[in-house]
Amino acid sequence: MSDWQGRFIAPAERLERAPLLRTEITLDDGHGAVAEATATLSALGVVEAFIDGAPLSDDVLTPGWTSYEWRVRYATYDVTERVGGDRVALGLALGDGWYRGRLGWGDAPPYGPEIAGFLELRIRFEDGHVQTAATGEGWHAASGPVVSNSIYDGEHIDARLAIPGWNTVGFDDSAWSPVQVVDFDLDRLEPYAGPPVRRQERLRPVRVWTSPAGKTLVDFGQNLVGWARVAVRGSAGDTITLRHAEVLEDGELGIRPLRTAKATDTFVLSGEDDVFEPTFTFHGFRYVEVEGWPGGIEALTGDALTAVVVSSDLRRTGRFESSDPLLNRLHENVVWGMRGNFLDVPTDCPQRDERLGWTGDIAVFAPTAAFLFDVSGFLRDWLRDVALEQSHQDGIVPFVVPDILKYMGAPAEFSPVDSTAVWSDAVAWVPWALWEAYGDREVLAETFPAMAMHARRVRSLLSPAGVWDRGFQFGDWLDPDAPPADPAGAKADRGVVATAAAYRTARIVAKAAALLDRPEDAAEFTDLAETLRRGFQAEYVSDSRILSDCTTVYSLAIAFDLLDAEQRRWSGERLATLVRESGFRISTGFAGTPFIMDALTATGHLAEAYGLLMQRECPSWLYPVTMGATTVWERWDSMLPNGSINPGEMTSFNHYALGAVADWIHRIAGGLAPLEPGYARLLVAPQPGGGLEWAKTSLETPHGLASVEWETDAGELHVVAVVPPDTTAVFRRPGSPDVDLGAGAHRLTAPLSDEATSPAGAVRR
């Protein structure tokens, strides 16, 4: 947009507390009634806007976090019903957010020295006349009741400092300070491509008690992301302090995993009825330690203290349920972990001094995310920042996006910083997951230049042997056998992992080029894929073994189709043997875990796959569930069997990456998969196992609701499948001809064969 009349403004003098900005306008006379009014809102920092004392919208943490150097988002609202009468009051409350607040675990400088607000109100009258009111030099500023605010450390609000009526018509702001226009290139403003952040629900405590150390503790029953809402009355000056954490240890709040994040909110009471919501921060927590509550623990009843769940406002699309309660809880843990970490940016974790958009996590989780929720806009928006960061870093896709490591410096063990397998591959893997889920060529067209740039950079990093065995690699990060202090110390050879990932990326980019009618690019990246395949075969495959002979290397080689038929056979057998020898305990990290289930299934080892899925001993997917987890953990043993927290410095209880197994659950256990992008053609192919007696899977596809329900009975499999309008499906059972299905509901029965030796019908490659 080139005709912005608003400007970013900030207080002309430094204020002691978070600023409030306000103005009033008189509506132009003689043009009839207001026909339409729109408000456009943005900030350097985060902003809440008000019209005549009422919030402009339900959104929070607007405009979120982007690569501010090149892109700042704005939100637009229809406020026609809010603009009437002769005068209108406009108000903005500003917080530091990601712009000026501290980020990362080191000394990352803020993006800028001052926060600023932007608002443009456009009013069209009945006769076509347009009046614009916007932020500029005529506004006024004052300190509000927010004494301090930090995403990591929390918020301090003093209700005694509130200014009644500051954002209403007729308020006297003659004592307020002037504002100044901030130097900002308005061409950097872009509309949201994804949804805003909003409150999703409120939870009441399930337990309130006194800890062994005499602390008042509150359990909300669910590890969540958001904040605690306080409704209280006490004496003026009374102070309530809330400290947040995900787990308990030795009966007290387990705060060590937070590292330097204080995760503490402080509320000073006014002496009247007070309601506090610290909307300029967020916490990852299940438990809250409460200090200073008027009336003590007995007064913590009803809605006095509730947890507000906050995330990007994503539409739920996919669901799964089965006969096994622990598996159902695992699936819900995946959903909750995604909700908490899809807060404007797809983050690694929501609680400690990090909360960054690690590319490796979303690279492997994107297919699961695209099934559970409509993430088309959310991830498309984030991919814009990926491309921007990459284009300003010589083609390197950074470890985190937005990239603050370029300012704070990556840890020494991550050096030299360059493209790295799986993490940097997000630039190709995420768009491809969106293409498969939604069938939208535009996302491929938008991201193809970045995909191609990454693949070409990887080509430049290969050794003369045609493998990627140089430079820093995360490898099979957080292999359960790695020492707590060395998460990169995996069994899998890093060159094997990197070369396999590069091969998958080259194939994806070649296929994207073909879809986009770019034959020269398709030929280039097909050639790159063949180079990588030959290098992989020559350097890593010999004597019926793959170098480092562990589950991850076989999983990647099989799932990414790097092997010929005979190699695939013995690799599948070796993989299954290793799984059995491990006692069906997990032996893979970030790289191998998302693909081991498909590798087993594709090579006829469904029983071993279910053995992994249903294992309850540590390390396994269900072990955290048996320990009371309500989200997916970062480490397989984030909490040890004795109830103590893993001694590693990096320990989160809300990480979605290892929840990528839900993709397999939906397709194989649930039996619902796409045969064509966007589910234009479906595969109905449930493969029972693991003692499951029934399962239900459903998905709101781009064409309508698809669902598969199955149960076993007397040696038979009974299936009810719903195929959306204007689509078709295939019902597939091992050893039987495919059955074509049209739109509508279908009831199907088939013999329940020996699934353990049957090839898979739906394997994502």
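The first residue of the sequence shown is numbered 1, and numbering continues consecutively from there. As the structure is a prediction and not an experimental result, all values here were calculated from the model.
- Trp227 places a side-chain heavy atom less than 4.5 Å from the side chain of Glu277.
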| field | side-chain hydrogen bond (donor to acceptor under 3.5 Å, both in side chains) between Asp353 and Thr260, intermediate numbers included | value | CA-CA 6 Å; Asp353 55 354; Thr260 67; 2.7 Å; yes

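- For the residue pair Gln473/Thr420, the side-chain donor-acceptor check at 3.5 Å is satisfied.
- Side-chain contact check for Glu69 versus Arg188: every heavy-atom pair is 4.5 Å or farther apart.
- Counting non-hydrogen atoms of other residues, nucleotides and ligands closer than 6.0 Å to CD of Glu413 gives a total above 12.
- Inter-residue side-chain proximity for Phe8 and Ser42 is flagged as met; some heavy-atom pair is nearer than 4.5 Å.
- Residues Glu48 and Thr279 bring a donor and an acceptor atom of their side chains to less than 3.5 Å of each other.
- In terms of modelled atom types and a separation under 3.5 Å, the side chain of Tyr656 and the main chain of Val335 share no donor-acceptor contact.
- Looking at heavy atoms from C-beta onward, Val345 lies out of side-chain contact with Arg355 at the 4.5 angstrom threshold.
- Using a 4.5 Å cut-off on side-chain heavy atoms (C-beta onward), Trp209 and Val218 make no contact.
- Taking 4.5 Å as the limit, every side-chain heavy atom of Asp385 sits out of range of all side-chain heavy atoms of Tyr68.
- Using a 4.0 Å cut-off between charged nitrogen and carboxylate oxygen, Asp59 and Arg198 count as a salt-bridge pair.
- Between the CH2 atom of Trp139 and the CD atom of Gln180 there is a distance of 15.5 Å, given to the nearest 0.5 Å.
- In this structure, the side chains of Val309 and Val225 stay at 4.5 Å or more apart for every pair of heavy atoms.
- Here the shortest heavy-atom pairing between Val182 and Ala116 reads CG2-CB, 3.9 Å.
- The side-chain heavy atoms of Asn654 and Cys349, taken from C-beta on, include no pair separated by under 4.5 Å.
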